[in-house]
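Contents: one structure, followed by commentary.
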Amino acid sequence: MSNHMGRNVAVIGGGAAGMMAAVQAAKAGAQVTLYEKNDRVGKKLLATGNGKCNFSNMDMNKNAYYGSAVAFYDELFSVFGVPETMDFFGQCGMLIRNKNGYLYPFSEQAATVLDVLRFTMESCHVKVYTNSNVSALAIMRSGSGLQVTVAGEKCDTYDAVILACGSMASPKTGSDGSGYKLAKSLGHHVTELAPALVQLRCREDFFKSVAGVRTQAGLTLWIDGEAKQHVQGELQLTDYGISGIPVFQFSREAAYALMHGKRATVGIDLMPQWEDGTYRAFWEERWKRQAGQTIEQFLTGISNKKINQLMIKLTGAKPFWMADELPKEKREKMAALYRNLMVTVKETNGFEQAQVCAGGIPADELTQNLESQYVPGLYFAGEIIDIDGICGGYNLQWAWTSGFVAGQAAAKDRTYSK
């Protein structure tokens, strides 16, 4: 047990933001208790980056984030940004691997990040209660302090409480939206929620024929006929639609568009390495050298075999047709399809498959210390707030930043220091 004489702080949620908040509140002099509904802390953290944990990014900028809390970016990241995060984990003993700006633990094991956080909480005398589902929060009649109820049983009263219990994404790890219910019970609102960093399901019936293909591609998201985002990277084709990091990057915008009754389509450029003029010259030269070849032979080497077969089908040709007998309009259609295969998005996958959740507690209900505008002593950290980032370590960096600020503020009675 600790001999802390400072404020009594509860952290609800033992994920990345909650553990950081607990450590920082304890370091700032508070007596800290962390409640986690799972049988262990950091369950979702272990799955990040396919188990390798891309915990931050050297190219940190405001444009990597969406949501109303982006308004806090400059202030909060100047207090605890990437350099401070690297220094924190370095002081905890974790070596860092920089892979083209993407930061990982040197071991490339998410368990390393979790372990250093657990060990640091232990050294700071944070009391951790697992299998503890906080079912209610209540303001004391005196107006001073918040009472925590776990599984229907009233527990301690705290000077400050930090809500860091995640969102709706990946509910199997404990993010089931319970934090929103607690916030609402104390007068807060929640903006419209949507799955983000998630796969897209498409209407076309040809996806089963290309399922499993991974290929470099350029993708353009169109909303009601207007180009919204263009990204490039490894596209993954599934039996129901499209996946991969470039798809994840604009999935939140597609999700909100569909929720509001708009039409979402994606243009897929399967030959992104070519400039338009060079691409046309490539095809013209290739057609000149196709004597004696079938269309299947002609396309061999251009792209994945499954994609080539799909292009033959969409062009209205047959693999065994002779290439030099293909009408000019079909040749042009085939060349165009490789550069702009349009697919129609019918829905996103659900929160079960989403890496993060868009939406949450709006910024105008929080101070820049992430304290509630309605309930003194109530703070927020992590994904429960209305902010979400693109792939690349940005969401975990928000967890570290918001956890630091909320933890320091909760311990120091609404002030924080670097």
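Values reported hereafter were calculated over all heavy atoms of this structure, with side chains retained and with hydrogens, waters and symmetry mates removed. Quick caveat, the model's predicted, so the values are computed rather than measured. When a residue number appears, it is its place in the shown sequence, counting from 1.
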* side chain to side chain contact (heavy atoms under 4.5 Å, CB included) between Gln229 and Glu253, worked out -> CA-CA 9 Å; Gln229 289 192 53; Glu253 186 161 3; 2.8 Å; yes
Under the side chain to side chain donor-acceptor pair (under 3.5 Å) test, which residues partner [X], sequence neighbours left out?
| X | answer |
| --- | --- |
| Arg286 | none |
| Ser402 | none |
| Tyr180 | none |

Are the side chain of [X] and the backbone of [Y] linked by a donor-acceptor contact shorter than 3.5 Å?
| X | Y | result |
| --- | --- | --- |
| Ser251 | Gln249 | no |
| Asp159 | Gly145 | no |
| Asn57 | Gly392 | yes |
| Asn54 | Ser56 | yes |
| Thr48 | Lys44 | no |
| Glu36 | Gly14 | yes |
| Lys333 | Leu314 | yes |
| Lys52 | Glu108 | no |
| Thr344 | Cys202 | no |
| Glu383 | Cys357 | yes |

* **Counterpart residues, salt bridge (Lys or Arg N to Asp or Glu O under 4.0 Å), relative to Lys172 (two or more places apart)** =>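 None.
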* Got a sec, which residues hit salt bridge (Lys or Arg N to Asp or Glu O under 4.0 Å) with Arg339, two or more places apart in sequence or on another chain? ->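 Listed in chain order: Asp269, Asp276.
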Can you tell me how far [atom2] of [Y] sits from [atom1] of [X], rounded to the nearest 0.5 angstrom?
| X | Y | atom1 | atom2 | value |
| --- | --- | --- | --- | --- |
| Met271 | Gln273 | CE | CD | 5.0 Å |
| Glu347 | Leu200 | CD | CG | 10.0 Å |
| Met86 | Met58 | CE | CE | 5.0 Å |

Check whether any side-chain heavy atom of [X] lies under 4.5 Å from a side-chain heavy atom of [Y], and answer yes or no.
| X | Y | answer |
| --- | --- | --- |
| Met334 | Ile295 | yes |
| Val343 | Thr265 | no |
| Ile307 | Val213 | yes |
| Met94 | Phe55 | yes |
| Thr130 | Ser132 | no |
| Gln147 | Met140 | yes |
| Leu76 | Trp398 | yes |
| Leu182 | Val134 | yes |

* Asked: Tell me the ring pair (Phe, Tyr, Trp, His ring centres under 6.0 Å) pairs involving residues 336-375, sequence neighbours left out?
  ->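 Residue pairs passing ring pair (Phe, Tyr, Trp, His ring centres under 6.0 Å), neighbours aside: His188-Tyr374, Trp283-Tyr338.
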Side chains of [Y] and [X]: any donor to acceptor distance under 3.5 Å?
| X | Y | value |
| --- | --- | --- |
| Thr401 | Gln397 | yes |
| Asp386 | Tyr66 | no |
| Glu371 | Asn369 | no |
| Ser107 | Thr112 | yes |
| Asn304 | Thr215 | no |

* Establish, yes or no, whether the cationic atom of Arg201 lies under 6.0 Å from the six-membered ring centre of Tyr240 and within 45° of the ring axis. =>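 Ring-cation test returns yes.
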* Ring-face cation contact, Phe206 with Lys313, 6.0 Å cut, 45° max ->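 The answer is no; the distance or angle limit is not met.
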* Asked: Trp400 and ring-ring contact (aromatic ring centres under 6.0 Å, His included): which partner among Phe77, Tyr394, Phe88, Phe89?
  ->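 Output: one option passes, namely Phe89.
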